[in-house]
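All values derive from a computational prediction rather than experimental measurement.
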Amino acid sequence: MPIGHYLFLSLALFLIGAIGVITRRNVIIVLMSIELILNAVNINLVAFSRYFGDVAGQVFALFIIADAAAEAAVGLGIIIAFFRNRETVLADEMDLLKW
Amino acid sequence: MPPAYIPLLLFSLLVLAFPVVTLIVFKYLRPGSRGGPAKFQPYECGILPETSTRGRYFARFYIIAMLFMILNVETIFLFPWAVLFRGWLAAHLAAFALLPMFVFLGVLLVGYVWLYKKGALDLA
Amino acid sequence: MLDSVIFYFFAGIAVVSAVLMITRRNAIHSAIFLITTLLATAGIFLQLRAEFLFISQIILYVGGIMVLFIFAIMLVRLDVPLPQIRSRTQKWIALLVALAVGLEAGVVIWLARKVPGQGLLIPNAAPADKLAPNTEELAKTLFGTYLLPFEIASVLLLVAMVGAVVMAKKRTDA
Amino acid sequence: MSPMLHSILAFVQTWWVELLCAVLIVLVVPLIAVYIVLVERKAMADMRARLGPMRVGPHGLLQPIADALKLLFKEDLIPDNADQFIFWLAPVLSMTAALTSMGAVAIGPWFQVARDINIGLLFVVGVGALGPFGIVLGGWASNNHYSIIGALRSTAQLISYETTAGFALVSGFLLAGTLNVRAIVETQRTDQAWYVFLAPVGFFTYLIAWIAETNRAPFDLPEAESELVAGYMTEYSGFRWSLYFLAEYANMIVVASVGTTLFLGGWLRPFPNVRWLAGLDAAPTLLLAAVGAYCVFRAGKQPARAQSMFMWAVAFGCFVVAAIFTLALPFSHLPLERMHDGLYGAFWFLLKVSAYIYIFMWLRFTLPRFRFDQLMRLGWHILIPLALVNVVDVGIALALSSEFGINRWVAMVITTAATLGAAMLLLHWNDKYAAAASAALLTDSSIAEDTHAG
């Protein structure tokens with residue numbers, strides 16, 4: 001399996017995630033698209049780690065997953081605090097820095 | 001795909017097929033359903049549901065899910081350590097084996113104690 | 001032969017459910033399609049002989065993060081499909097930009113293979129059976145060269161835990 | 001096309017044991033799960049001085065088949081404005097997660113679907129993590145207040161006890177040093193000690209965590225009849241409902257086999273190096289012969305002809321398996337060696353798994369149900385810190401015994417005492433904390449912001 005296939009796959013997932021982040025107005029879907037982009041990055045890392053025979057890529061991917069967990073926790077925490085205050089989750093209604 | 005996983009992949013497809021095929025096959029073998037609209041009302045001990053069920057549920061469940069995720073990440077980091085532990089002991093590296101994990105668990109214990117004191121964990 | 005069949009099987013599922021994820025109106029449906037994408041990506045990790053990453057992706061991403069997303073969606077009463085007033089122009093601009101970036105990056109990858117010498121210096125994959133057992137190998141590197149990031153990861157988790165709890169228990173003064 | 005055929009034939013040639021085991025598991029485990037329901041009802045009845053199901057087949061042996069057929073043909077309706085797709089998907093997801101995690105479990109030294117995969121037991125835990133989805137999606141899709149609250153509570157319970165189970169497994173892997181299922185049992189053989197004796201607190205927390213994980217016994221609040229009608233399963237009927245139940249019992253089998261492999265020494269014969277207990281090798285044949293004889297003795301007394309025919313069939317089955325065991329014993333030097341080890345290993349493994357499941361049932365009949373906040377407080381305030389302390393203590397015990405040459409049993413006793421001391425401390429803090437919380441509740445009139453607490 002030449003590595004080009006994996007690069008094209010991660011490119012496709014990255015683009016789909018980017019489109020999701022740009023077009024969707026619902027913040028939770030935006031957060032999900034960010035998780036998708038992180039996944040595309042992981043595929044690249046593991047593909048290169050496999051083809052260069054060095055396991056450091058997989059260790060880095062493990063740290064990215066841990067970071068995605070931390071990011072999702074705080075991100076959703078902010079969304080819930082905002083929702084309980086302003087009863088909305090749409091991105092363009094979040095125009096306040098301090099509520 | 002490492003050869004050992006191919007039977008596992010076939011097994012999971014087989015397992016997925018078991019409930020799906022049974023559900024579909026017996027959907028047509030079953031006698032038809034009779035009974036009026038009341039049968040399709042959600043069952044709430046006889047009381048007719050007024051409000052839609054998509055009401056708001058409190059944030060405590062969110063805190064539990066978030067804590068579960070953070071402790072899950074911690075467990076995943078514990079597995080590689082546990083696998084190599086006996087190897088390090090055999091090589092007389094007991095200090096190196098124990099110290100990194102003590103620091104890792106200690107930092108997370110601080111967070112846990114803070115949560116315990118702050119009452120985020122009293123899930124009454 | 002078998003490898004490419006399995007790869008296209010998982011890659012197809014991943015891309016199709018990713019597209020479905022961003023187009024669904026109901027948030028729980030898109031969460032389910034994201035779970036399918038994550039499982040397909042885990043399958044691709046398995047094909048790249050990254051077994052520990054395969055299982056940590058399932059445990060952490062699917063079993064942890066997605067449960068949090070579904071809880072948040074149920075909490076934020078989002079599962080009622082919102083009237084999506086999607087501005088037409090924004091969607092088309094995004095598609096255009098994405099296509100441009102995609103084309104350009106695809107051409108780069110395609111050209112890199114053709115030019116001898118300047119191509120990506122990628123030897124073909126190491127023979128599969130001589131690979132070291134994955135978990136032990138990953139653990140040695142994790143506790144060998146990457147010990148400091150390992151400790152910083154715990155501080156990151158602590159900060160995330162504290163931050164999320166402060167946010168979630170925020171008293172609404174309004 | 002012929003190279004494709006050759007490669008497939010070569011593949012089946014090397015992996016026929018695994019494929020056969022896969023098909024067997026998909027056919028046999030639901031059957032065993034249904035029969036565990038019967039055994040449970042019988043044992044519960046026996047403990048309460050009544051007979052349990054006696055009507056269908058001799059002593060109710062055909063009752064599970066009758067239940068399964070009834071459920072297959074019962075009408076399973078989907079409530080209106082429920083989410084059709086997810087309502088249909090949730091039980092399938094729950095059942096698939098439970099059965100797929102059976103794949104990485106080794107019943108005997110040769111009966112395993114995923115032979116020698118590097119992440120053995122972790123695959124079981126990983127696929128088990130998909131279980132909460134079946135529950136939360138099922139509860140949400142059925143558009144019913146009770147099922148949503150039940151789904152949220154049940155998932156919260158699953159989540160908080162999954163962490164404890166993860167830490168308990170870590171203490172087991174510390175001792176074993178590998179994740180590979182066969183290597184774990186091998187190290188227990190070379191260590192000449194089952195890990196339940198080297199990490200007792202680990203086994204104890206594992207047992208409790210997985211009782212709560214499978215929504216059983218004292219922790220079955222979300223689906224308790226008296227509390228939430230049937231929790232997330234309220235709107236399910238017919239075969240969809242039985243998929244949830246099959247998933248729960250299949251999960252119980254999986255949990256019992258993981259516990260046996262990691263803590264109770266998989267397929268190892270108890271007391272392998274005790275000379276005068278060598279007779280245990282003949283135990284399988286004697287046990288099966290006794291069961292066959294009992295069936296023959298009871299066959300004559302059955303009122304209906306069909307029931308006595310059934311008893312004869314069961315007796316014949318027992319004698320055949322006993323013959324296989326006796327045949328395999330003397331000819332163990334023939335290529336039957338692998339089959340001999342496999343059969344004996346499978347016998348001891350299944351004996352330990354059934355003992356483990358009996359403990360599940362026993363707890364279910366005797367202990368009263370937990371309240372939801374007690375359940376969560378036990379999970380978060382006591383069990384998770386205890387499991388964490390236990391991981392550290394097993395590490396210290398191993399370090400002491402290898403670094404300073406202290407006898408490993410003495411080191412184990414010291415560290416277990418330290419863990420139990422920590423447990424006492426946790427309990428004390430918890431009681432003090434609970435007392436303070438309830439006192440504050442009484443005096444402070446303004447209840448916390450979220451009035452409709454769980």
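The parts of Ile16(A) that come within reach of chain C are both its backbone and its side chain, each placing non-hydrogen atoms under 4.5 angstrom from that chain. Residue Leu11(A) touches chain C through its side chain alone, counting heavy-atom pairs closer than 4.5 Å. Proximity to chain A is absent for every atom of Ala139(C), based on heavy atoms less than 4.5 angstrom apart. In this structure, chain C has heavy atoms under 4.5 Å from both the backbone and the side chain of Asn42(A). Only the side chain of Ala153(C) comes within contact range of chain A, with at least one heavy atom under 4.5 Å from a heavy atom of that chain. Proximity to chain C (any heavy atom under 4.5 Å) is restricted, for Leu76(A), to the side chain, taken from C-beta onward. For a residue to count as touching a neighbouring chain, one of its non-hydrogen atoms must lie under 4.5 Å from one of that chain's; by this rule Leu34(C) touches chain A with the side chain only. Looking at Ile65(C), only its side chain comes within 4.5 Å of chain A, counting heavy atoms on both sides. At a 4.5 Å heavy-atom cutoff, the contact between Ala72(A) and chain C is made by backbone and side-chain atoms alike.
Residues Val59(A) and Phe52(C) have side chains not in contact (no heavy-atom distance under 4.5 Å, counting atoms from C-beta outward). Using a 4.5 Å heavy-atom cutoff, the side chains of Phe69(C) and Leu31(A) are in contact. Side-chain contact check for Met167(C) versus Ile79(A): every heavy-atom pair is 4.5 Å or farther apart. Contact check for Tyr6(A) versus Gln47(C): side-chain heavy atoms found under the 4.5 Å cut-off. Using a 4.5 Å heavy-atom cutoff, the side chains of Leu9(A) and Phe7(C) are in contact.
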Problem - Verdict with reasoning, Phe71(C) to Ile80(A), per side-chain contact (heavy atoms from CB on, under 4.5 Å) - result: CA-CA 11 Å; Phe71(C) 265 49; Ile80(A) 285 178; over 6 Å; no
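Around CZ of Phe63(A), the count of heavy atoms belonging to other residues, nucleotides or ligands within 6.0 Å exceeds 12.
When the candidates Leu99(C), Leu38(C), Leu157(C) are compared by the number of heavy-atom contacts under 4.5 Å with chain A, Leu38(C) comes out ahead. Taking Asp67(A), Leu38(A), Val46(A) one by one and counting their heavy-atom pairs under 4.5 Å with chain C, the maximum is reached by Val46(A).
To the nearest 0.5 Å, atom OG of residue Ser30(C) and atom CZ of residue Arg24(A) are 6.5 Å apart. Residue Ile19(A) holds its CD1 atom at 10.5 Å from CG of Leu96(C), rounded to the nearest 0.5 Å. Distance check, rounded to the nearest 0.5 Å: CD1 of Ile43(A) to CG of Leu48(C) gives 8.5 Å. Atom-to-atom distance recorded for Leu156(C):CG and Glu71(A):CD is 10.5 Å, nearest 0.5 angstrom. Considering CD1 of Ile65(A) and CG of Leu53(C), their distance stands at 5.0 Å, rounded to 0.5 Å. Rounded to the nearest 0.5 angstrom, Ile29(A) CD1 and Ile73(C) CD1 are separated by 6.0 Å.
When all heavy atoms of Leu62(A) and Ser56(C) are compared, the closest pair comes out as CD1-OG, 3.5 Å. Considering every non-hydrogen atom in both Ile22(A) and Ala94(C), the closest pair reads CG2-CB, 3.6 Å. The minimum heavy-atom distance linking Ala164(C) with Ala73(A) is given by the pair CB-O, 3.8 Å. The heavy-atom pair separating Ile22(C) from Ser33(A) by the smallest distance is CG2-OG, 4.0 Å.
Taking the side-chain hydrogen bond (donor to acceptor under 3.5 Å, both in side chains) definition, one finds that Ser154(C) meets it with nothing, sequence neighbours left out.
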Show me the side-chain donor-acceptor pairs of residues 13-21 of chain C shorter than 3.5 Å, one per line, residues at least two apart or across chains.
| unit_1 | atom_1 | unit_2 | atom_2 | d |
| --- | --- | --- | --- | --- |
| Ser17(C) | OG | Ile13(C) | O | 2.7 |
| Ser17(C) | OG | Ala14(C) | O | 3.3 |
| Ser17(C) | OG | Thr37(C) | OG1 | 3.2 |

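Donor-acceptor pairing under 3.5 Å is recorded for the side chains of Gln58(A) and Asn134(C).
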